[in-house]
Every structure is written in C-alpha cells, then in structure tokens.
Amino acid sequence: FNEQNFIFQQSKTKDLLSPADLIPRLEDALGKFSRRDAAEVLQPVRTAVPLQKHGGFMGLMPTYMEKDGVLSTKFVCFYKREEGSTLPAVQATVVLLDPEYGNVKAVMDGEVITAMRTAAVSAISAKLLMPPQAEVLAILGTGKQALSHCRVFTEMFSFKELRVWSRTKEGAARFIRSIDGPVQGCSTAEEAVRGADVIVTVTGSTQPVLFGQWVKAGAHVAAVGACRPDWRELDDVLMKEAVVYADSREGAMLESGDVILSGAEVFAELGDVINGTKAAHREKTTVFKSLGMGVEDAVSAQLVFDRWKAQAGKF
C-alpha cells in the first residue's frame with residue numbers, strides 16, 4: 001500500500017471509535033438522510049445477493065456524501081446459522097474511498113463499526129423515544145450486537161436494572177461474564193421484558209420472540225434483528241399497537257419482515273424526529289426498526305480515519 005492507503009484491523013478500529021464521538025455524527029447523518037437532499041446523502045437501498053448454498057446473503061451498502069466529501073461502501077455477509085454453529089453470523093468490511101480520484105483510502109474490519117454504529121443508532125432511538133425516567137432495560141439475545149448495545153446503552157443512560165435472555169444458558173452465562181455490573185439472567189423472554197421500559201431485540205430469530213401482550217404500555221423497543229422480508233422478531237400485536245419508527249422508510253418497506261408481514265405503518269424515520277418534522281411519541285409504545293444504513297457506516301469510517309490522521313500527525 002502507498003502512504004494514503006491503509007488497513008484498519010479490528011483492534012485499531014476499536015481504539016479509534018467511541019460512542020461519545022460517534023453519536024453526534026450519526027444524529028447529523030440521520031437528519032441529512034431524511035432531508036433527501038442528494039448533495040448531502042446519496043444512498044440506495046442495500047443490495048442483497050443470496051448465498052443459497054450457505055444460508056446467507058451478501059449485502060452491498062454504498063454511500064456518497066457530496067458536501068462532506070465522504071465516499072464509502074460496506075460489504076457484509078450475514079447468515080442464518082444453526083443453533084450451536086461455531087461459524088460467524090455476520091462478517092463485514094468497510095472501504096473508504098477518495099471521491100475525486102476514486103482510489104481506496106482505507107480498508108476497515110467492519111465488525112467493530114457495525115456493532116458500534118448499530119448500537120449507537122438504537123441508543124439515539126431510545127434518547128428520542130423512551131419514556132422519561134426509564135429504569136429497566138431488557139436485552140433479548142446475547143451475541144456481539146447484544147454486548148455492544150449493552151455497553152452503549154449503559155454508558156448513555158442510567159438504568160437501575162438490566163435483564164438479559166438467551167435461548168441457551170451458555171449464551172446468557174457468557175454475556176453476564178462479559179459485562180461489568182449487575183445483570184439479571186432470565187429463563188424466558190417474557191420474564192425479561194415484563195415491566196421493562198426499554199427492550200432491545202438482537203436475536204438471530206426468524207420467528208417472533210417478543211409479543212405485544214408482554215410489553216408495558218409506553219415502553220420503547222429497539223428491534224435490530226430480522227433483516228430480511230421473511231424474518232421476524234416482533235409479533236403483529238406489538239407492531240400494530242406501537243408507533244413505528246425506522247432508520248430508512250424505504251429500507252423497512254423492502255427488508256423488514258416485522259413491518260411487511262404485519263402490515264404496520266412506518267410513522268417516521270429517526271431523522272424526521274431529529275429534524276423536527278415528525279413527533280417523538282414518548283407517551284406511547286414505540287418501536288424503532290433498525291435495518292442499518294450505509295451512511296451510518298460512512299460517517300463511522302470517516303471518524304476512524306480522521307482520528308487516526310490526528311493521532312498519527314498525517315496530512
């Protein structure tokens with residue numbers, strides 16, 4: 001590689017990315033995306049190529065931010081793994097390019113970026129939509145996204161109680177060992193979410209694991225899994241009773257089984273709330289359906305690159 005082309009492996013990316021720095025940039029990017037100004041954000045809906053033999057998909061997520069001079073794409077492979085599989089469910093790489101010359105500036109391991117920006121956007125949804133004085137956080141799932149969500153949410157908010165549920169005792173035990181502070185492991189998803197003010201679903205499920213009859217009125221749900229049109233985490237009752245928000249309306253209508261199969265209406269994008277064009281209905285039960293967007297990867301990758309340049313004294 002020449003002096004303007006770098007590989008950022010997982011450890012380096014993690015050192016250069018923090019929620020405190022990332023969240024303001026993501027809020028700005030979400031607002032820009034929802035204004036639909038092509039000079040601010042050009043981002044097509046993710047292209048998904050089936051990997052039928054392996055039970056997965058390759059997603060391509062390009063983004064161009066003309067005014068900010070940011071051009072990037074993420075390649076992400078995601079799979080529906082059998083329970084107990086040792087193979088990764090998600091693998092990702094983010095490429096940052098020079099928009100004028102077209103050359104690659106940096107290649108970054110996408111695992112940290114994907115985990116961090118997804119959790120940060122979910123935390124933004126909670127900041128905007130969760131009930132005042134929220135005290136109980138419940139997390140369904142115990143994988144890498146569950147860990148990143150736990151760390152970002154507990155850094156941003158002061159919950160008095162944290163609950164977690166996993167399909168397996170091993171998963172719950174591993175999660176609890178990885179977290180600093182008290183965590184209540186729950187034997188059922190219902191036990192975890194009953195009375196919770198904020199619920200995060202980060203599972204690999206293709207069928208509902210969270211049911212509306214369990215959810216406290218006025219609670220906020222950040223639904224992160226089920227990123228295919230025939231996959232679900234939430235049941236019809238919850239989707240139809242809640243006010244539904246998304247990162248991208250187009251993405252939700254094309255990719256989210258929770259939205260498509262329930263027939264629920266997407267009330268607004270998070271960017272609409274940030275821009276002040278749609279209301280944040282904190283007094284009602286709310287669902288944020290997260291699909292993930294290229295612009296989130298773009299600003300995260302640019303932040304990593306900018307911080308590296310500042311530390312290295314480059315350019």
Side-chain angles (χ1 to χ4, degrees), residues 18-20 22-23 26-27 115-169 171-205 208-226 233-235 238 241-245 247 258 270 273 280-290:
S18 71
L22 182 57
I23 283 173
L26 287 170
E27 288 177 328
M116 185 74 78
R117 62 82 156 153
T118 305
V121 172
S122 293
I124 291 168
S125 82
K127 175 184 171 182
L128 296 171
L129 301 170
M130 73 181 184
Q133 290 83 50
E135 296 185 345
V136 180
L137 170 65
I139 300 176
L140 305 186
T142 54
K144 292 175 181 176
Q145 281 287 359
L147 287 168
S148 65
H149 276 73
C150 180
R151 287 166 179 159
V152 172
F153 272 62
T154 54
E155 181 174 322
M156 276 193 67
F157 310 112
S158 298
F159 294 104
K160 293 183 179 179
E161 185 179 348
L162 171 60
R163 306 172 188 166
V164 66
W165 169 79
S166 173
R167 291 186 186 277
T168 67
K169 291 181 179 179
R174 183 178 60 250
F175 181 92
I176 291 169
R177 287 195 303 269
S178 302
I179 296 300
D180 295 328
V183 185
Q184 179 185 344
C186 299
S187 58
T188 67
E190 180 178 1
E191 179 189 351
V193 305
R194 284 282 187 185
D197 301 295
V198 179
I199 302 166
V200 177
T201 60
V202 277
T203 72
S205 181
V209 294
L210 179 62
F211 295 84
Q213 64 182 13
W214 302 342
V215 177
K216 173 183 176 180
H220 175 62
V221 177
V224 178
E233 286 188 309
L234 317 183
D235 77 335
L238 177 55
E241 289 184 351
V243 182
V244 179
Y245 297 78
D247 41 16
D258 286 321
L270 287 188
V273 180
H281 288 291
R282 288 181 179 272
E283 75 285 0
K284 299 181 180 180
T285 304
T286 54
V287 166
F288 166 57
K289 182 55 214 172
S290 169

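Below, each value reflects all heavy atoms present in this structure, side chains not excepted, and no hydrogens, waters or symmetry copies. Keep in mind that this is a model prediction, so the values were computed, not measured.
For the residue pair A115 and S148, the shortest heavy atom distance occurs at O-OG, 3.2 Å. Between L26 and A120, the closest heavy-atom pair is CD1-CB, 3.5 Å. Closest of all the heavy-atom pairs between V152 and A119 is CG2-CB, 3.8 Å. Scanning both residues, S178 and L147, for their nearest heavy atoms gives CB-CD2, 3.7 Å.
Between K160 atom NZ and E135 atom CD the span is 4.0 Å, to the nearest 0.5 Å. Distance CG/L129 to CD1/I124: 11.0 Å, rounded to 0.5 Å. Distance check, rounded to the nearest 0.5 Å: OG1 of T285 to NE2 of H220 gives 11.0 Å. To the nearest 0.5 Å, atom CG of residue L234 and atom CD1 of residue I199 are 9.5 Å apart.
Between C150 and I139, the closest side-chain pair of non-hydrogen atoms falls below 4.5 Å. Within the 4.5 Å cutoff, no side-chain heavy atoms of S18 are placed close to those of E155. No side-chain heavy atom of T142 sits under 4.5 Å from any side-chain heavy atom of T168. Counting heavy atoms from C-beta on, the side chains of D247 and F288 come closer than 4.5 Å.
Here the side chain of R282 pairs no donor or acceptor atom with the backbone of P131 at under 3.5 angstrom. When atom types are taken as modelled, the side chain of R163 and the backbone of A192 share a donor-acceptor pair closer than 3.5 angstrom. Formation of a donor-acceptor pair under 3.5 Å by the Q145 side chain with backbone atoms of V202 is not found in this model. Judged by distance alone, the side chain of S166 and the main-chain N or O of G141 form no donor-acceptor pair under 3.5 Å.
Screening residues 173-185 for salt bridge (charged side-chain N to carboxylate O under 4.0 Å, His left out) gives no qualifying pairs among residues at least two apart or on separate chains. Within the structure, salt bridge (charged side-chain N to carboxylate O under 4.0 Å, His left out) contacts touching residues 119-134 (residues at least two apart or in different chains) are E27-K127.
By the ring-ring contact (aromatic ring centres under 6.0 Å, His included) test, Y245 pairs with F267, sequence neighbours left out. Every residue two or more places apart in sequence or in another chain that forms a salt bridge (charged side-chain N to carboxylate O under 4.0 Å, His left out) with E190 is listed here: R194. Legend: residues meeting ring-ring contact (aromatic ring centres under 6.0 Å, His included) with F159, ordered by chain and number and at least two apart, are F157. Scanning for side-chain hydrogen bond (donor to acceptor under 3.5 Å, both in side chains) contacts around E241 gives an empty result, with sequence neighbours left out. Taking the side-chain hydrogen bond (donor to acceptor under 3.5 Å, both in side chains) definition, one finds that D197 meets it with K216, sequence neighbours left out. Considering only residues two or more places apart in sequence or on other chains, D258 meets the salt bridge (charged side-chain N to carboxylate O under 4.0 Å, His left out) condition with R232, K289. Applying the side-chain hydrogen bond (donor to acceptor under 3.5 Å, both in side chains) rule to S290 yields no partners; only residues at least two apart in sequence or on another chain are considered. Under the rule for a ring-ring contact (aromatic ring centres under 6.0 Å, His included), the partners of F211 that lie at least two apart in sequence or sit in another chain are W214. Residues meeting the side-chain hydrogen bond (donor to acceptor under 3.5 Å, both in side chains) test with S205, sequence neighbours left out: R167. Every residue two or more places apart in sequence or in another chain was checked for a salt bridge (charged side-chain N to carboxylate O under 4.0 Å, His left out) with E283, and none qualifies.
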For side-chain hydrogen bond (donor to acceptor under 3.5 Å, both in side chains), just list the numbers for T286 and H281, CA-CA rounded to whole Å, side-chain angles, deciding distance to a tenth of an Å, and then say yes or no.
CA-CA 7 Å; T286 54; H281 288 291; over 6 Å; no
What do the steps show when you test L210 against E233 for side chain to side chain contact (heavy atoms under 4.5 Å, CB included), and what is the final call?
CA-CA 6 Å; L210 179 62; E233 286 188 309; 5.9 Å; no
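When the options V287, L270, V200 are evaluated for a side chain to side chain contact (heavy atoms under 4.5 Å, CB included) with S125, the one that passes is L270.
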